[in-house]
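Single-structure report; data block below.
What you see is a predicted model; the values in this text were computed from it and never measured. Below, read A as the first sequence line, B as the second, and so on, with proteins coming before strands; counting in each chain starts at 1.
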Amino acid sequence: MENKSLKQIIDNRLEKLKKIRELGIEPYAYDYDSSHHTSEINEKLIDTKVSLAGRVMSLRKMGKASFANIQDQEGRIQFYIARDDVGEDNYNLFKLTDIGDFVGIEGKVFKTKTDALTIKVSHLTILSKNIKPIPDVKEKDGEKYNLVSDKEFRYRKRFLDLIINPETKNNYIKRFKIINSIRSFLNDHGYIEVETPVLQPIYGGANAKPFTTHHNALDQDFYLRIATELYLKQLIVGGFEKVYELSKDFRNEGIDRSHNPEFTMLEFYQAYSDYNFMMDFVEQMFKKVVKDLDMKKISWDGHKIDFSKKFARKTMGELIKDHTGNDIDISDHSAVYKVCKDLKLEVSKKDSLATLIDEIMRRKVEPNLIQPTYVINHPVEISPLAKVNRDGDKDFTERFELFIAGMEFANGFSELNDPIDQRKRFEDQSRKKDGGDEEAFPIDENFLEAIETGMPPTAGVGIGIDRLVMLLIDTRWIRDAIIFPTLKSLK
RNA sequence: GCCUCAGUAGCUCAAUGGUAGAGCAGUGGCCUCUUAAGCCAUUGGUUGUAGGUUCGAGUCCUUCCUGGGGUACCA
C-alpha cells in the first residue's frame, strides 16, 4: 500500500484528471497520428511541421511558456510550448500535464539559442494521464542523477526500468534480432519449425529436476518439459528430416546469475547427418548471427572473442593435457584419479571414470575455454542419448559441447538410434534415479517404441538462447537477457 | 542450499545509542530560450518484519521477509 506522500501525489493527479474532463477533454485518448519519431528529427526538418507522440519525461515551466522533454521508442526530444502559440485553453491543458503523461505534440522544428533541436508546439493533445508518478531521473551531459540503483526494482518493475533506462530496450531488441537470425538460418536450410508439448506425462532429454503440475479433468500429473529432445526425435522417426523448436524449458533448480527456472532453448535435428556435420553447421550459424547483428568485435566480461577463425575441436584428453599438463589415457581410471588428486579436486576413488573426467573438465578446463572451442567425445555414462564412437573406445560418444568465454553454448551429438542400446541406457538412468539421483530421467516407453520403429542416422543440437544473448549483449547476468526474470513473490 | 552484505519520504542519500534531515519529485506563488531551469514558501516518515537489550534504538542483539554479491548443483 502506498503511504501518505505517494497518496498525496496520486490524489493530486486524480484531481487534475477531473479538471481535464471538466475542460471537455478525454485524458485517455483512442489514437494519435504522428508524423515522426524523435530520432527522425534533424536539422533538415527545421521549419517543417511535425507531430510526435510520447511520454513527458521532464518539465520546465516558466509561467506563460515552458520547455519539456518527450520520450518515444527511439529517444527523446525537447519541445517548447508558449501560451501565445497554442492559445489560452491549450496552455491550460498543458499546465495540467505531469511527468509521466503521454502526449501528442504538433509543431515546427526549430533551434533554441543554445542550439538545441526543439519542437515549437502549436497544439498539444493529452493521450494518457499518469496517475502513479515515475521516478524522476535527471540527466546532464549524458550523466544520470537520482537513477534507481536497486536491481530488484528494475526486475520487478521492468516497465519502469524501460522508461527510466530506455537503453535497456536495446538488449531485448538485440535478443529479437538474434532469434530472428537463427530462425531464418534454419528456415533457409530447409528446416521445419514445430511445437511439442510443454505438459508432458513423462520428462526426459536432459538431466534436471522437473516442475510438476496437475490436470484436473484428466486427474493426472504432468511435468513441465525440461527438454524437447524426445519428442523431436519422434518426428524424425515419423519422417521429418529437419526439424527445430524454439522452446521455453523449465528446470526446478537454483536461481543464480546464469540460471532462470524458465529459459529458452533451441533444439534441432537433421536426419542422415552426424556430429561432424553439426559442428560445421553450428559454427556457420553462430557466425551468421554475429554477422547479421553487424558485430565487428565481440567482447564478453573483458574477454575478446574471435569469431573469424575456425572453431577448435578437441577431445577431453587433449584438453586435459593442454590445460593441466597431464598427458594421460582418459580411459584409465587410476590415471585419471591420480590427476584429480594432483589437482586437489574433491573426488573419491569410488567415483566413476566419467565423474572424474567431468570434474577435471569443469574445474580446470571449461572456465579457460575463452575462444570458441568444441569439446568432443564425452564419456557414454554422461551421454545417455548419444551414439558411441564409430571407431575407438566404446566408452566414449560422438558428442560435442561448444564453449565460448568459459560458458557452454551448444550441446550436440550423433543421436543414438540403436534401440537395444537406447533401452539399456534408459535402464541405467532409471537405476541412477532409484539410487537417489534426482536429475536422472525415467524410462520413456513411448520414445523407445519410436526408436524401435527405426530412426535414421540423425544429428541433433541444443543451444541455450539466453546464454547466446548474454554473450552478444556482454552481460554476466541472465536477468539482463530475460525481460521478466523469475522472482520470489513479496509477502 | 550455504556464506556474506543491504533495506530510512515516490526517487537519490544523510543522521557518535540522545528531537528522523536534505536534494529532486509533489503542492502554492513569481517567471516567454529553459535543459539536473531558477527564486520564495510548503506537504510528505509505523526507518523491510516481529521480538529483545537500554532511561532512551534508524543505530546494538535475535527471528523472519525481500534483494545484491559469492559459492554448490544445473543450461
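Between A:Phe286 and A:Tyr374, the gap from one ring centroid to the other reaches at least 6.0 Å. Aromatic pair A:Phe484/A:Tyr172: centroids not less than 6.0 angstrom apart. Side-chain rings of A:Phe441 and A:Phe426 approach one another, their centers coming within less than 6.0 Å.
Residue side chain A:Asn146 does not reach the base of B:rC13 through any donor-acceptor N/O pair under 3.5 Å, judged by distance alone. The base of B:rU27 lies outside donor-acceptor range of the side chain of A:Gln8, with no N or O pair under 3.5 Å. Taking only distance into account, the side chain of A:Thr112 meets the base of B:rU34 through a donor-acceptor pair shorter than 3.5 Å. Side-chain atoms of A:Asp98 stay outside donor-acceptor range of the base of B:rG26, with no qualifying N/O pair under 3.5 Å.
Using the six-membered ring where Trp is involved, A:Tyr91 and A:Phe94 have ring planes that are tilted, between 30° and 60° apart.
Pairing for B:rA41 goes to B:rU27, judged as Watson-Crick or G-U wobble with the two contacts each under 3.5 Å. For B:rU71, the paired nucleotide is B:rG1, the pair qualifying as Watson-Crick or G-U wobble because both relevant distances are below 3.5 Å. Within the shown strands, B:rA6 is the pairing partner of B:rU66 under the Watson-Crick or G-U definition, both distances less than 3.5 Å. Partner assigned to B:rA57 is none, using Watson-Crick or G-U wobble distances below 3.5 angstrom. Under the Watson-Crick or G-U wobble criterion, with both distances below 3.5 Å, B:rU34 has no partner in any strand shown. When Watson-Crick and G-U wobble pairs are counted only if both distances are under 3.5 Å, B:rA15 pairs with no nucleotide at all.
Residue A:Arg13 places none of its side-chain N or O atoms closer than 4.0 Å to OP1 or OP2 of B:rG10. Phosphate contact (OP1/OP2 of B:rU34, side-chain N/O of A:Arg60, threshold under 4.0 Å): absent. Checking the phosphate oxygens (OP1, OP2) of B:rU43, no side-chain nitrogen or oxygen of A:Lys7 falls inside 4.0 Å. Considering only side-chain N and O atoms, A:Lys144 lies nowhere under 4.0 angstrom from the phosphate OP1 or OP2 of B:rC11. A sub-4.0 Å separation between OP1 or OP2 of B:rC24 and a side-chain N or O of A:Lys138 is absent. Remark: A:Lys16 is in phosphate contact with B:rU27, judged by side-chain N or O atoms under 4.0 Å from OP1 or OP2. OP1 or OP2 of B:rG69 has not a single side-chain nitrogen or oxygen of A:Arg257 nearer than 4.0 Å.
Taking the charged nitrogens against the carboxylate oxygens, A:Arg158 and A:Asp161 do have a contact shorter than 4.0 Å, which makes a salt bridge. A salt bridge is defined here as a Lys NZ or Arg NE, NH1 or NH2 lying under 4.0 Å from an Asp or Glu carboxylate O, and A:Lys19 with A:Glu15 fails to meet this definition.
One interatomic measurement links the two molecules: CD of A:Glu359 to P of B:rC73, which rounds to 7 Å at whole-angstrom precision. We find that NZ of A:Lys111 is positioned 17 Å from P of B:rU34, with the value rounded to whole Å. When the P atom of B:rG29 is taken as reference, atom NZ of A:Lys61 falls 12 Å away, rounded to whole Å. Across the protein-nucleic acid pair, A:Ile9 atom CD1 and B:rU27 atom P stand 8 Å apart, rounded to whole Å. Going from atom NZ of A:Lys140 over to atom P of B:rU12 covers 22 Å, rounded to whole Å. We find that CG of A:Asn252 is positioned 18 Å from P of B:rC73, with the value rounded to whole Å. In this structure, A:Asp150 atom CG and B:rG10 atom P are separated by 14 Å, rounded to whole Å. Between the P atom of B:rG10 and the NZ atom of A:Lys132 lies a distance of 10 Å, rounded to the nearest Å.
Between A:Val137 and A:Ala82, the one whose closest nucleotide on RNA chain B sits nearer the 5' end is A:Val137. Closest-nucleotide positions on RNA chain B for A:Arg476 and A:Asp358 were compared, and the one nearer the 5' end corresponds to A:Arg476.
The side chain of A:Glu152 lies closest to B:rG67, out of B:rG67, B:rC11, B:rG26. The A:Asp136 side chain lies nearest to B:rC24 when the options are B:rC33, B:rC24, B:rU66. For A:Tyr145, the side-chain atoms get nearest to B:rA36 when compared with the rest of B:rU71, B:rA25, B:rA36. Closest contact between the side chain of A:Met62 and the listed nucleotides B:rU34, B:rU71, B:rU66 involves B:rU34. When distances are taken from the side chain of A:Ser5 to each of B:rA36, B:rG10, B:rA72, the shortest belongs to B:rG10. With B:rA25, B:rU34, B:rC73 as the candidates, the nucleotide lying closest to the side chain of A:Arg363 is B:rC73.
Both tests pass for A:Lys120 against the ring of A:Phe110: distance under 6.0 Å to the centre and angle within 45° of the axis.
B:rA20 and B:rC13: their C1' atoms are spaced 14 Å apart (whole Å).
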